[in-house]
2 protein chains.
Amino acid sequence: MERDHAQGQMLSICQEDDPAIFRSVLDRLADKWTLITIGLLEERELRFTELLDSIPGISRRMLTRTLRSLERDGLVHRTIYAEIPPRVEYRATELGRSLSAPVLALATWVDDHKQAILTHRETFDDTHAGAVPPDAT
Amino acid sequence: MERDHAQGQMLSICQEDDPAIFRSVLDRLADKWTLITIGLLEERELRFTELLDSIPGISRRMLTRTLRSLERDGLVHRTIYAEIPPRVEYRATELGRSLSAPVLALATWVDDHKQAILTHRETFDDTHAGAVPPDAT
DNA sequence: CTGCATCCACCACGATACTG
DNA sequence: CAGTATCGTGGTGGATGCAG
């Protein structure tokens with residue numbers, strides 16, 4: 001945490017020398033499946049099918065792609081056991097494990113406040129009935 | 001932080017009673033612009049154009065939508081000043097500010113490790129030249 | 001079991017023009 | 001200035017089938 005931009009200077013972080021670098025890395029993390037996958041792998045070594053079962057709603061295709069991206073970024077290590085049937089174990093690298101704290105903190109926050117957020121949504125939707133953009137989620 | 005699933009039980013978090021709730025909230029946070037927007041608003045009150053200028057690459061459309069979603073979720077408060085020209089200030093709510101720590105921790109991590117990740121990508125792309133899926137990023 | 005290839009639908013997002 | 005409306009596109013992501 002020895003940042004030069006003392007505390008919470010999101011501004012300086014995202015407007016540094018090359019904003020594109022920050023973006024490209026953030027984009028990889030902030031997609032539909034990556035955070036949750038990293039979160040699971042930081043705790044223990046898991047195989048493909050275990051991940052598939054642990055992540056609600058993910059498809060094999062997306063799990064494969066997510067894991068490849070993580071491997072490419074040096075966050076996850078892949079071990080292939082030449083057995084029959086084949087077995088592949090995924091575990092977080094040291095770099096990946098350093099992501100543990102931030103990711104789990106975020107996940108915990110979401111878990112702790114999801115109900116409050118749902119309540120806000122209902123209230124808002126009530127108040128602004130029909131006022132939302134055409135293609136809103 | 002008084003979670004029952006002691007520490008880092010990402011598994012229990014994302015497989016709780018209704019995984020869909022966790023997902024829907026996580027989805028909102030983990031999109032292309034939300035994290036960065038929240039991060040900026042946690043530090044200070046900002047107006048629309050300031051945000052537009054501070055977030056590299058965002059369009060007015062997406063900023064509007066992102067802010068609306070955050071407002072809907074009770075994370076951001078919107079104040080309209082009936083002046084000429086119009087002025088609108090955005091600030092984080094208390095709930096939004098509680099997101100501060102996790103979000104900034106994540107942003108800082110990304111900033112601290114982006115170079116390492118880029119290096120890993122190059123190495124990987126070298127090693128696996130041409131081995132990447134057809135529609136890879 | 002692991003995971004690549006193919007096909008395809010959808011909607012996220014950007015560009016642009018217009019309004020209060 | 002702070003949006004909204006509309007349109008077009010690319011890419012994300014699901015379903016399925018095949019292969020090692």
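Here is the naming used below: chain letters follow the sequence lines, and residue numbers restart at 1 for every chain. If you're wondering where the values come from, they're calculated on a predicted model, not measured in any experiment.
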Quick one, A/Val110 and B/Phe22 - any side-chain contact, counting heavy atoms below 4.5 Å?
yes
Results of salt bridge (Lys or Arg N to Asp or Glu O under 4.0 Å) for B/Asp18 - residues two or more places apart only:
none
Answer yes or no: is there an ion pair linking B/Arg44 with B/Glu50, defined by an N-O contact shorter than 4.0 Å?
no
Look at the side-chain N and O atoms of A/Tyr90 and state whether any lies under 4.0 Å from the OP1 or OP2 oxygen of C/dC1.
no
Separation of C/dT19 atom P from B/Ile84 atom CD1, nearest Å, is 17 Å
Quick one: is C/dG3 close enough that its OP1 or OP2 comes under 4.0 Å of any side-chain N or O from A/Thr64?
no
Salt bridge (Lys or Arg N to Asp or Glu O under 4.0 Å) involving B/Glu83 - partner list, sequence neighbours excluded:
B/Arg87
Those residues at least two apart in sequence (or on a different chain) that pass side chain to side chain contact (heavy atoms under 4.5 Å, CB included) with A/Arg91 are A/Glu45, A/His77, A/Arg97
Spacing between B/Glu89 atom CD and D/dG3 atom P, to the nearest angstrom
11 Å
Using a 4.0 Å cut-off on heavy atoms, which residues in residues 47-54 of chain B reach DNA chain D? List them by number, or say none.
B/Arg47, B/Phe48, B/Thr49
Quick one: is A/Arg28 getting a side-chain N or O under 4.0 Å of the D/dT12 phosphate, OP1 or OP2?
no
Between C1' of D/dT12 and CH2 of A/Trp33, the distance in whole Å
12 Å
Quick check on D/dT4: is either OP1 or OP2 less than 4.0 Å from any side-chain nitrogen or oxygen of B/Arg65?
no
Measure the shortest side-chain to side-chain distance between A/Ile36 and B/Arg23 over non-hydrogen atoms and say whether it is less than 4.5 angstrom.
yes
B/Asp27 has an atom CG; how far is it from atom P of D/dT12, in whole Å?
15 Å
Between D/dC1, C/dG14, D/dA2, which nucleotide has the shortest distance from any of its atoms to the side chain of B/Ser59?
C/dG14
Measure from CG on B/Asp31 to P on C/dA12 and round the result to the nearest Å.
10 Å
Taking for each residue the nucleotide of DNA chain D bearing the nearest heavy atom, is the 5' side occupied by B/Arg87 or by A/Ile58?
B/Arg87
Pick the nucleotide of DNA chain D nearest each of B/Leu67 and A/Met62; which residue has the one closer to the 5' end?
B/Leu67
Just jot down the ring-ring contact (aromatic ring centres under 6.0 Å, His included) partners of A/His113, sequence neighbours excluded, or say none.
A/Trp109
Output all residues satisfying side chain to side chain contact (heavy atoms under 4.5 Å, CB included) with B/Thr49, sequence neighbours left out; order by chain, then residue number.
B/Asp53
N/O contacts under 3.5 Å, protein versus nucleotides 16-20 of chain D?
residue: D/dG17; atom: O6; partner: A/Arg60; partner atom: NH2; Å: 3.2

Whichever hydrophobic residues join B/Ile21 through chains of side-chain contacts under 4.5 Å:
A/Leu118
Provide, to the nearest angstrom, the distance between the CG atom belonging to B/Leu46 and the C1' atom belonging to D/dG3.
17 Å
Need one value for A/Tyr81: base, sugar-phosphate or nothing, where a base atom within 4.0 Å counts as base even if backbone is also close, heavy atoms only.
nothing
Quick one: list whatever passes side chain to side chain contact (heavy atoms under 4.5 Å, CB included) with A/Arg78, sequence neighbours left out.
A/Arg68, A/Glu71, A/Ile80, A/Val88, A/Tyr90
Taking only side-chain N and O atoms of B/Arg78, does any of them lie within less than 4.0 angstrom of OP1 or OP2 on D/dG3?
yes
